[in-house]
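Structure, as structure tokens:
Residue numbers run from 1 in the order of the sequence given. Keep in mind it's a predicted model, so treat the numbers as computed, not measured.
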Amino acid sequence: MSTVIPQGTALKKAIAWVSEKRQAQPDLNVKKLVNDACLQFDLSPKDSEFLLRFVKENPDTPS
């Protein structure tokens, strides 16, 4: 399934950050990890929802 990557720099950085964390520690809680990324990268609620959906749909996203 193809997922469109959003234009926002903060969101792209958050996706990369989450991906790195998941590769280092695959057993991390996804919701907590996404929440931490949202706070760290100051994502909007819409971007936060996108990030959570993206991470759940792409469990093996490369960093």
Side-chain contact test, heavy atoms from C-beta onward, threshold under 4.5 Å: evaluate it for Leu52 versus Asn35 and give yes or no.
-> no
Rounded to the nearest 0.5 angstrom, the CD1-CZ distance for Ile15 and Phe54 is 4.5 Å
Please list, chain by chain and in numerical order, all residues satisfying side chain to side chain contact (heavy atoms under 4.5 Å, CB included) with Lys21, sequence neighbours excluded.
-> Trp17, Leu28, Leu33
Leu39 reachable from Val30 in the ILVMFWY side-chain graph, under 4.5 Å edges = no
Heavy atoms only: give me the nearest Ser48-Val34 pair and the separation to one decimal.
-> O-CG1, 4.2 Å
Considering all heavy atoms, the nearest Leu51-Cys38 contact | CD2-SG, 4.3 Å
With sequence neighbours left out, the residues meeting side chain to side chain contact (heavy atoms under 4.5 Å, CB included) with Asn29 are Lys31, Lys32
